[in-house]
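Data block below; observations after.
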2 protein chains.
Amino acid sequence: MIEADIFKALADPTRRKVFEKLAGGSLNASALRDGLEISQPAMSQHLSVLRAAGLVREQRQGRFVNYEVDPDGLLAIGAWLARYRAYWPKRMEALADLLKDMDQ
Amino acid sequence: MIEADIFKALADPTRRKVFEKLAGGSLNASALRDGLEISQPAMSQHLSVLRAAGLVREQRQGRFVNYEVDPDGLLAIGAWLARYRAYWPKRMEALADLLKDMDQ
DNA sequence: GCAACACATAAGTACATGCTTATGTGTTGC
DNA sequence: GCAACACATAAGCATGTACTTATGTGTTGC
């Protein structure tokens, strides 16, 4: 089950910070370490978890490996959320509209 | 940070099963145990985690405590997802439509 | 080739977490 | 009151996980 990997990956605060950084644009592993007081292997392990969950994808460029948000992971979360649409609050309606509009 | 509690709560497969059961309607703690081979205290602990995360809410009825999906938790996930709307895939557009329509 | 760099993997360790059994709390009905 | 029930909490334990240091792999440029 891929949901398991996704939620486990996002359960860690450092990995959420990394993911949020990537929301600002593609970054390599070293750049992702900036600001986070974490060792190089730790970052590498976190990125491995995020990648296995389908939340980020990588692209080697020379010596560097660039990471970016993988839309597939977001889609998986959206699909999971959709299963509980019967319980979505009213405010979610506006949110769905926003999401739709920004996706052009 | 409430996101931390939400993702941690959903990282556990048993808790996701419980949450999915509640999507079918309100159930008490004993009824939630059906099918899941889990002790009564374990279920109680899981429900406590889900409640602390804002994913479910409880309502005591006599000796029973009924649990149901808490829309606030879903909204929190939706809000988190919205932060990454720039990376939503095309298919997410249809999903957002679906979510909006079903929310009437 | 090889030195420097960017990153990944290995192995070990401290702490978090999910489970158990035992016990406590609140409610019902006699 | 008190016995039976539904659930919560406490304490202990086994496993998972996030970290560390050490080392391996792949790339660049001299």
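The structure presented is a predicted model; accordingly, all values stated were derived computationally and were not measured. Order of the sequence lines sets the chain letters (A, B, ...), proteins ahead of strands, with each chain counted from 1.
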Next on the checklist: Nearest to the B:P41 side chain among C:dA22, D:dC19, C:dT9, which nucleotide is it?
Outcome noted: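 Selected nucleotide (nearest to the side chain): C:dA22.
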Checklist entry - Nearest of C:dA8, C:dC19, D:dA10 to any side-chain atom of B:H46? => result C:dC19
Separation of atom [atom1] in [X] from atom [atom2] in [N], rounded to whole Å:
X	N	atom1	atom2	value
B:R15	C:dG18	CZ	P	4 Å
A:M43	C:dT9	CE	C1'	17 Å
B:E58	C:dT27	CD	C1'	15 Å
A:I38	D:dA18	CD1	C1'	9 Å
B:D5	C:dT17	CG	P	10 Å
B:R63	D:dA8	CZ	P	15 Å
A:Q59	C:dA6	CD	C1'	16 Å
A:N66	D:dG26	CG	C1'	16 Å

Item to check | Exam field: side chain B:R85 to backbone B:Y87, donor-acceptor pair closer than 3.5 Å | outcome: no
Item to check | Dot-bracket summary - DNA chain C, pairs being Watson-Crick or G-U whose distances fall under 3.5 Å, with | when paired to another strand | outcome: ||||||||||||||||||||||||||||||
Next on the checklist: Using a heavy-atom cut-off of 4.0 Å across all strands, would you classify A:R51 as base, sugar-phosphate, or nothing?
Outcome noted: nothing
Next on the checklist: For a quick check of understanding: with a heavy-atom distance under 4.0 Å over all strands, which category does B:S48 fall into, base, sugar-phosphate or nothing?
Outcome noted: nothing
Checklist entry - Between the base of D:dT17 and the side chain of A:Q45, is there a donor-acceptor distance below 3.5 Å? => result no
Item to check | 4.5 Å side-chain heavy-atom contact, A:V69 and A:L22 | outcome: yes
Checklist entry - Mind checking whether A:V18 and A:L27 have side chains closer than 4.5 Å, heavy atoms only? => result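 No, side chains not in contact.
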Checklist entry - Taking everything shown except A:K21 itself, do over 12 heavy atoms lie less than 6.0 Å from its NZ? => result yes
Checklist entry - Of B:Q40 and B:V49, whose nearest nucleotide on DNA chain C comes first from the 5' end? => result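 Whichever sits nearer the 5' end wins; that is B:V49.
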Checklist entry - Salt bridge check: are B:E3 and B:R83 linked by an N-O gap of less than 4.0 Å? => result yes
Checklist outcome for this item: Nearest-nucleotide check on DNA chain D, B:R60 vs A:Q61; residue mapping nearer the 5' end is B:R60
Next on the checklist: Tell me the closest heavy-atom pair linking A:A53 and A:I6, and the distance in Å.
Outcome noted: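 Taking every non-hydrogen atom into account, O-CG1, 3.3 Å.
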Item to check | With A:R51 via salt bridge (charged side-chain N to carboxylate O under 4.0 Å, His left out) - residues at least two apart | outcome: A:E58
